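Values in this document were obtained by computation on a predicted structure and should not be read as measured data.
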Amino acid sequence: MPHTQDISQAIFSQLNTQQGAAVAHVDGPALILAGAGSGKTRVLTARIMNLLQQGVAPWNILAVTFTNKAAGEMRQRIRSRLGPVASDIWIGTFHSIALRILRIECHHIGYESDFVIYDPADGLKVVTKVLKRLNISAQTMPAKKALGIISSLKNSGYRPDDLESASTLDTTVIAPVFREYQKLMLSFNAMDFDDLLLNLKEILYHSSDVLQKYQQKFRYIHVDEYQDTNQVQFEILHLLAGQHRNLFAVGDDDQSIYRFRGATIENILNFEQHYPNTAIFKLEQNYRSPQSILDCANSIISRNPRRHPKQLFSDLGPGEKIGLKVLPSADDEASFIVGEIQQLLSDGFAPSDIAVLYRTNAQSRLFEALLLRRGIPYRVVGSFEFWKRKEIQDVLAYVSLIANPRDIQAFERVVNYPLRGIGAASVEKIVSLAVDSGRPVLEAAALMAADLRGKARQSIENFLEFLASFQGGQDYLISDMIEEIVRKAGIDKDIRNREDEHQAQSRLENIGELISAATAFEKERPAEQITLSHFLEEINLGIETRQNTQEGVSLLTIHSAKGLEFPVVFLSGLENTLFPSPMSMGNQFAQEEERRLMYVAVTRCQEKLFLTRAQSRTMFGKTTFCGESMFLRDIPQELLHKL
DNA sequence: TTTGTTAGGGTTTTT
DNA sequence: CCCTAACAAA
């Protein structure tokens with residue numbers, strides 16, 4: 001058993017003066033302005049360990065991050081130093097923490113605790129249904145646009161009843177859609193991503209008992225990437241920290257890149273107004289990159305007008321020049337990068353040392369194809385594409401329906417898939433009965449079947465019986481259950497009938513991968529967490545069950561690269577049609593955010609940075625020509641080395 | 001009710 | 001280019 005002194009020593013010995021001061025801070029609000037690569041995560045982890053050292057109970061500590069990856073990393077670090085105590089600390093993304101509380105408290109707002117989470121694709125279907133029901137044409141209000149408006153309203157903290165006060169927006173069209181959408185979601189016992197936050201705020205705000213319970217529990221609250229909090233997240237934190245005022249916020253205004261999701265950079269800029277007597281700590285020493293990288297980053301970010309001025313410095317020497325390569329086409333860009341990667345690998349770099357960054361997910365395809373062909377291991381970070389595959393969604397809809405008999409979206413998806421003779425007309429009847437009577441859709445189906453005769457009745461009854469045979473998933477291994485669903489419902493047969501052999505094979509392989517994900521889930525989770533709803537939410541919140549630990553070259557968007565670092569970084573697609581995004585044109589705030597995004601990208605690099613652009617790119621089968629990104633003109637020539 | 005054909009639309013970024 | 005939604009025919 002090491003002495004207290006030794007542990008303290010171990011905590012502080014690896015920190016510089018400013019880091020140490022921040023870590024030693026115990027009571028009262030604190031804001032840590034931490035530049036890129038200045039050891040944010042290290043400070044957060046050390047701070048938590050110091051609290052424990054001071055006698056704070058682990059279950060009184062909350063740590064919130066933005067990505068599951070960041071949460072996992074922090075938990076890992078703390079666990080490796082402290083052992084199992086770490087599991088009593090609540091560490092997670094805003095969404096997963098909210099979910100955890102909502103599972104316990106959601107009855108306050110009329111939800112049942114086995115509610116399911118809808119992703120934006122599900123949400124879009126619900127909005128489409130609402131628009132149809134309200135007789136609003138796609139020209140007046142496209143579903144996608146409606147969903148977008150609803151989402152940003154929710155991110156700003158508005159519910160349908162509050163819309164009169166949202167006077168900046170013309171809400172005459174959207175208000176009834178918004179209202180009906182929320183009503184349907186409640187009747188489906190489903191929440192979308194925004195609801196997780198909004199509903200938590202709602203409960204904390206209206207139930208003082210619940211608020212007090214969690215205020216007392218979370219005596220010490222930590223938030224990473226505070227610059228990316230939105231209004232609702234701000235309010236949740238403000239409520240939770242209301243009693244003890246122990247909010248420890250870490251962030252960097254230069255790295256705020258979630259404006260599109262409602263992040264308000266003002267939250268960090270005005271922190272002291274919200275929390276008087278805040279202790280402020282600045283971390284300006286960069287431990288990640290040499291000077292050339294920092295100079296490059298600074299040449300980009302210094303052109304933004306609204307920011308906390310700060311001076312990053314590094315001990316790591318002058319560094320290499322930044323490679324710049326212009327190529328005729330996107331294919332050439334990919335083969336150039338993969339060629340360089342091969343060279344680096346033979347020079348002794350490991351695949352995991354290397355990352356290829358891009359602005360949009362679609363850009364990953366070319367790299368994937370080429371890396372695969374050359375046999376270089378790679379992983380696509382944070383890609384949700386797999387879960388969106390039709391066959392996966394079909395199987396998951398069965399699972400979801402077994403877990404939650406109110407999930408109308410899932411019901412509609414699979415009631416007649418594979419074809420079993422239950423047509424649109426019957427489905428419509430069942431659904432309206434369910435919605436109007438507030439009954440679970442499966443119950444409504446049973447009632448409706450009783451009124452029918454012949455084949456339709458038989459089909460519905462068989463379908464319900466089939467679902468019931470899984471008994472809500474009890475006594476089933478999830479992986480076994482999926483296998484059984486696929487076989488007994490005839491999904492495998494349907495795939496083989498419908499597709500050519502090659503396609504069918506690959507779809508069945510995808511289902512196989514889903515089954516291995518379930519197996520992995522069952523292996524990793526403690527027994528009490530192996531439930532259908534836990535499994536579904538893990539998939540929906542993007543927690544990585546799929547083999548993501550595998551070594552390889554990382555392919556990722558700049559957004560998902562935030563918080564990560566790599567010895568070698570390729571930043572691709574520096575074109576005026578891609579980055580800064582053309583969507584940001586004409587909007588000063590959006591342009592500033594693109595610039596911060598560029599800053600984040602450059603500062604991921606520890607050693608070698610390559611910038612590339614293509615002069616033409618094929619989109620939707622059409623080739624367009626593209627000029628250079630404005631960011632390239634901002635970098636001083638002497639930092640660049642043309643390849 | 002099911003199957004086949006076709007026109008149109010889709011690419012920011014994440015939980 | 002590729003996938004989906006909408007429509008027509010069986």
Side-chain angles (χ1 to χ4, degrees), chain A residues 64-71 92-99 117-121 123-125 128 132 138 142-144 148 151 154-155 191-198 225 228-230 232-233 256-263 357-365 381-385 387-390 393 416-428 454-456 459 494 497-498 503 537-544 556-563 573 575 577-585 587 590 593-594 596-598 600-601 617-624:
Chain A
V64 189
T65 61
F66 268 79
T67 63
N68 292 301
K69 198 165 188 100
T93 60
F94 269 103
H95 291 81
S96 66
I97 298 279
L99 177 66
I117 301 169
Y118 275 14
D119 69 16
L124 195 64
K125 284 183 193 145
T128 309
K132 214 171 263 172
K144 240 187 158 172
S151 173
K154 288 199 217 175
N155 281 321
M191 296 190 198
D192 65 22
F193 292 145
D194 303 320
D195 289 333
L196 292 175
L197 303 177
L198 196 57
E225 314 280 11
D228 278 324
T229 50
N230 65 27
V232 178
Q233 289 162 333
S256 174
I257 56 175
Y258 283 104
R259 203 187 77 100
F260 70 91
R261 202 172 79 183
L357 306 191
Y358 36 78
R359 179 66 179 83
T360 65
N361 282 305
Q363 289 168 259
S364 75
R365 294 249 160 223
V381 178
S383 165
F384 285 83
E385 251 173 51
W387 305 112
K388 293 206 166 36
R389 310 295 297 246
K390 180 186 178 303
Q393 291 278 322
N416 198 31
Y417 176 80
L419 301 176
R420 46 173 79 86
I422 306 172
S426 325
V427 174
E428 178 53 37
K455 196 164 168 256
S459 299
D494 181 78
N497 286 342
R498 219 172 262 272
Q503 271 288 338
E537 78 199 25
E538 174 151 328
I539 287 171
N540 268 323
L541 289 184
I543 300 162
E544 292 151 11
L556 67 180
T557 62
I558 301 169
H559 281 86
S560 34
K562 190 161 79 145
E575 293 136 40
T577 50
L578 210 54
F579 187 31
S581 164
M583 308 289 280
S584 71
M585 287 302 267
N587 180 331
E593 178 144 309
E594 294 290 314
R596 292 193 292 270
L597 206 44
M598 179 72 184
V600 168
R617 208 165 267 278
T618 305
M619 270 177 187
F620 308 136
K622 262 191 256 144
T623 302
T624 49

Original post:
For A:K388 and C:dT4, what is the distance between atoms NZ and C1' respectively, to the nearest whole Å?
Top reply: 16 Å
Original post:
Does A:R359 reach the side chain of A:L597, with side-chain heavy atoms less than 4.5 Å apart?
Top reply: yes
**OP:** Whole angstrom is fine here: how far is it from CD in A:Q393 over to C1' in C:dT4?
**Re:** 14 Å
Original post:
How would you list, by chain and number, every residue that makes a ring-ring contact (aromatic ring centres under 6.0 Å, His included) with A:Y417, sequence neighbours excluded?
Top reply: none
Original post:
Do A:D192 and A:K154 meet the salt-bridge criterion of a basic N to acidic O distance under 4.0 Å?
Top reply: yes
Original post:
With A:F193, which residues qualify under ring-ring contact (aromatic ring centres under 6.0 Å, His included), at least two apart?
Top reply: none
Original post:
Is any side-chain nitrogen or oxygen of A:N416 closer than 4.0 Å to OP1 or OP2 of B:dT2?
Top reply: yes
Subject >> Nearest-angstrom distance from the residue atom NZ of A:K622 to P of C:dC2 >> reply: 15 Å
Subject >> Ionic contact status for A:K562 with A:D228, cut-off 4.0 Å >> reply: yes
Original post:
Is there side-chain contact between A:H95 and A:V64, with heavy atoms separated by less than 4.5 Å?
Top reply: no
**OP:** Output all residues satisfying side-chain hydrogen bond (donor to acceptor under 3.5 Å, both in side chains) with A:S459, sequence neighbours left out; order by chain, then residue number.
**Re:** none
Got a list of protein N/O to nucleotides 7-10 of chain C N/O distances below 3.5 Å?
none

Original post:
Who passes ring-ring contact (aromatic ring centres under 6.0 Å, His included) against A:F66, sequence neighbours left out?
Top reply: A:F94
Original post:
Going 5' to 3' along nucleotides 8-14 of chain B, which nucleotides have protein heavy atoms under 4.0 Å from the base (write B), which only from the sugar-phosphate (write S), and which from neither (write -)?
Top reply: --BBBBB
**OP:** Classify the nucleic acid contact of A:S151 as base, sugar-phosphate or nothing, counting any heavy atom under 4.0 Å across all strands shown.
**Re:** nothing
Original post:
Of the nucleotides B:dT1, B:dT15, B:dT3, which one has an atom closest to the side chain of A:T93?
Top reply: B:dT15
**OP:** Take atom P in C:dA5 and the same atom in B:dT11, then report the distance between them in whole Å.
**Re:** 13 Å
